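This is a predicted model, so every value here is computed, not measured. In what follows, chains are A, B, ... by sequence order, proteins preceding strands, each numbered from 1. Below, each value reflects all heavy atoms present in this structure, side chains not excepted, and no hydrogens, waters or symmetry copies.
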Number of protein chains: 2
Amino acid sequence: MYSSGTKDIERHIVAHLRQKRYKLTAQRLEIIRTLASERSHPGAMDIFRLVRQRLPKVSISTVYYTLEMLKKEGLIGELEFYDRDNRYDVNVSNHINLICKECGKIEDFTRELPFSSEAIEELTGFRPLGMRFEYYGYCKGCRDRRRR
Amino acid sequence: MYSSGTKDIERHIVAHLRQKRYKLTAQRLEIIRTLASERSHPGAMDIFRLVRQRLPKVSISTVYYTLEMLKKEGLIGELEFYDRDNRYDVNVSNHINLICKECGKIEDFTRELPFSSEAIEELTGFRPLGMRFEYYGYCKGCRDRRRR
DNA sequence: ATGATATTCGGAATGGTTCCTAATTAGTCT
DNA sequence: AGACTAATTAGGAACCATTCCGAATATCAT
């Protein structure tokens, strides 16, 4: 699945869009390629800058429009922040994100999660549809740099 | 602790501030009272509106300034959202928030959590300092309303 | 090739939060 | 009680990533 390579992810997304009769524009294909190869949870502006290297006339609106569409199709996940850029990820599985307060890097920590949606609903009546688990702290690199 | 009443929380916060030599203004005391009694994770604007009922001249800047100070003192927690008001909570323990997509209500779900900070650091080298666990879905009320 | 419709682009608008400055006030000291 | 001083307040401007808008363009089905 997500251990698969860049090309596989790209193909998977493109196939999905083709099947749903979305138009495969040059902008769209570049955005998808960028998402598939950048596993660092890029923000819209990161994607914009990367795509612009190949398509100098692309607009940031197009990036947002495409990300919104991919999100609606369930092909990417969005991590929303109020005080920094939102970040995007082709890993749409449930997992914990480890977010570095120093360098902003986001790592995935994929493990069995504590409470199933069913357990939550049984206990509280609340019906979970999505989740977001995050730890904030220092990544290995920044931790070691601070320690010195 | 957090099963304690409104008055206890209020007293606890005020005592902490007095000890740290913060000025106990009327605005500040009202904001604290509001936070202690509103357990619904109010936003800055909610607090502003409530406080203004008693202090009609209070400004929203003051609310933000005070919330920031209380946060720095570790007396309240802040839940930040990019697409809605940030929300504040006198419950500063680690817990899962259940956030209703329909009515915006936020409930606490306080249980043993899956991975300790120590376990995370051992496994990944990432040093967690804070966390944020959320489920998004429908609260009991909204779930039942939709079901009908 | 044509037509219908989705997509793109650029710029304007949005809105919760932060920033700025001058005026005010709580707490302290005498 | 009065004066001092540093923190706090009020009000408004600024911020800025994201969303919205309308007109131009390009994709795909036919």
Side-chain angles (χ1 to χ4, degrees), chain A residues 13-32 34 41-52 54-73 75-88 104 106, chain B residues 13-32 34 41-73 75-88 99 104 106:
Chain A
I13 294 176
V14 169
H16 178 109
L17 295 183
R18 200 187 300 279
Q19 191 231 325
K20 288 287 209 77
R21 295 287 188 285
Y22 283 96
K23 292 182 183 171
L24 298 174
T25 63
Q27 293 92 326
R28 215 155 251 190
L29 292 170
E30 278 304 327
I31 292 168
I32 292 166
T34 303
H41 303 71
M45 204 41 93
D46 299 323
I47 296 166
F48 175 61
R49 276 190 283 263
L50 288 165
V51 168
R52 205 171 39 174
R54 288 169 174 266
L55 300 173
K57 307 212 63 176
V58 75
S59 96
I60 186 71
S61 306
T62 299
V63 174
Y64 278 112
Y65 185 87
T66 299
L67 290 172
E68 178 64 24
M69 179 271 286
L70 293 172
K71 198 172 49 167
K72 267 195 195 129
E73 290 299 319
L75 295 166
I76 62 173
E78 184 186 32
L79 272 180
E80 301 167 338
F81 300 97
Y82 98 110
D83 60 350
R84 64 182 94 181
D85 296 16
N86 292 345
R87 308 285 284 270
Y88 301 87
I106 302 180
Chain B
I13 293 176
V14 169
H16 178 109
L17 296 184
R18 201 187 301 279
Q19 190 231 322
K20 289 286 208 77
R21 296 282 139 75
Y22 282 98
K23 294 185 182 170
L24 298 173
T25 62
Q27 294 91 327
R28 217 155 248 193
L29 292 169
E30 278 302 328
I31 291 168
I32 292 165
T34 303
H41 302 72
M45 203 42 91
D46 300 324
I47 296 166
F48 174 63
R49 275 190 282 261
L50 288 164
V51 169
R52 203 169 44 173
Q53 292 176 6
R54 287 168 175 267
L55 301 173
K57 307 211 64 178
V58 75
S59 97
I60 186 73
S61 306
T62 299
V63 174
Y64 278 112
Y65 185 86
T66 299
L67 290 171
E68 178 63 23
M69 179 270 288
L70 293 172
K71 199 172 49 166
K72 266 193 194 131
E73 289 298 319
L75 296 166
I76 61 173
E78 184 185 33
L79 271 181
E80 301 168 339
F81 299 97
Y82 98 112
D83 61 347
R84 64 181 95 181
D85 296 16
N86 292 345
R87 308 285 285 269
Y88 301 88
I99 303 174
I106 301 179

note: K72(A), atom NZ; dA6(C), atom P; distance rounded to Å ~ 12 Å
Let's see if you get this right: which residues in residues 54-65 of chain A place a heavy atom under 4.0 Å from DNA chain D?
S61(A), Y64(A)
Please report, rounded to the nearest Å, how far the P atom of dG16(C) is from the CG atom of D46(B).
11 Å
With sequence neighbours left out, write down each residue that passes side chain to side chain contact (heavy atoms under 4.5 Å, CB included) with Y64(B), or none if nothing qualifies.
A44(B), I60(B), Y88(B)
Given atom CZ of F48(B) and atom C1' of dG15(C), what is their separation to the nearest angstrom?
15 Å
Under the side chain to side chain contact (heavy atoms under 4.5 Å, CB included) rule, collect the residues that match up with S61(A), sequence neighbours excluded.
S59(A)
Please identify which of these residues, T66(B), T62(B), L70(B), meets the side-chain contact (heavy atoms from CB on, under 4.5 Å) condition with R28(B).
T66(B)
Does a side-chain N or O of N86(B) approach OP1 or OP2 of dT17(C) to a distance below 4.0 Å, or not?
yes
Which whole-number value in Å describes the distance from K71(B) NZ to dT18(C) C1'?
11 Å
Considering residues at least two apart in sequence or located in another chain, which fulfil the salt bridge (charged side-chain N to carboxylate O under 4.0 Å, His left out) criterion with R52(B)?
none
Give me, pair by pair, the N or O atoms of the protein and of nucleotides 27-30 of chain C that are less than 3.5 Å apart, along with how far apart they are.
{"residue": "dG27(C)", "atom": "OP1", "partner": "L24(B)", "partner atom": "N", "Å": "3.2"}

Using atom CE of M69(B) as one end and atom P of dT17(C) as the other, report the distance to the nearest whole Å.
18 Å
Show me, pair by pair, the donor-acceptor contacts under 3.5 angstrom made by side chains of residues 79-86 of chain B, not counting sequence neighbours?
{"residue": "E80(B)", "atom": "OE2", "partner": "Y82(A)", "partner atom": "OH", "Å": "3.4"}
{"residue": "N86(B)", "atom": "OD1", "partner": "F81(B)", "partner atom": "N", "Å": "2.8"}

Under a 4.0 Å heavy-atom criterion, DNA chain D is touched by chain B from dA6(D) to dT19(D)
Heavy-atom side-chain contact between L55(A) and Q27(A) under 4.5 Å:
yes
Rounded at 0.5 Å granularity, tell me how far OG1 in T34(B) sits from CG in L50(B).
5.5 Å
Taking only residues two or more places apart in sequence, or in another chain, which ones meet R18(A) in a salt bridge (charged side-chain N to carboxylate O under 4.0 Å, His left out)?
none
Give one of base, sugar-phosphate or nothing for R28(B), where a contact means two heavy atoms less than 4.0 Å apart.
sugar-phosphate
Across the strands shown, which category fits D83(A) at heavy-atom distances under 4.0 angstrom: base, sugar-phosphate, nothing?
nothing
DNA chain C: 5'-proximal contact among A44(B) and A26(B) (nearest heavy atom):
A44(B)
What pairs with R54(A) under salt bridge (charged side-chain N to carboxylate O under 4.0 Å, His left out), at least two apart in sequence or on another chain?
E30(A)
For atom CD1 of I47(B) and atom C1' of dT17(C), their distance in whole Å
14 Å
Restricting to side chain to side chain contact (heavy atoms under 4.5 Å, CB included), what partner residues turn up for K20(B), sequence neighbours left out?
H16(B), Y22(B), E73(B)
Starting at atom CG of L67(A), determine the distance to atom C1' of dT7(C), rounded to an integer number of angstrom.
14 Å
Quick check: do L17(B) and I32(B) have side-chain heavy atoms less than 4.5 Å from each other?
yes
Starting from the first five and the last five pairs of the helix from dA1(C)-dT30(D) to dT30(C)-dA1(D), work out the angle between the resulting helix axes, to 10 degrees.
40°
I'd like to check the salt bridge (charged side-chain N to carboxylate O under 4.0 Å, His left out) partners of K23(A); sequence neighbours left out, ordered by chain and number.
none
Drop me the distance from Q53(B)'s CD to R49(B)'s CZ, to the nearest 0.5 angstrom.
10.0 Å
Without decimals, in angstroms, what is the distance between E68(B) CD and dG16(C) C1'?
15 Å
Rounded to the nearest 0.5 Å, the CG atom of L24(B) sits from the CD1 atom of I13(B) at a distance of 11.5 Å
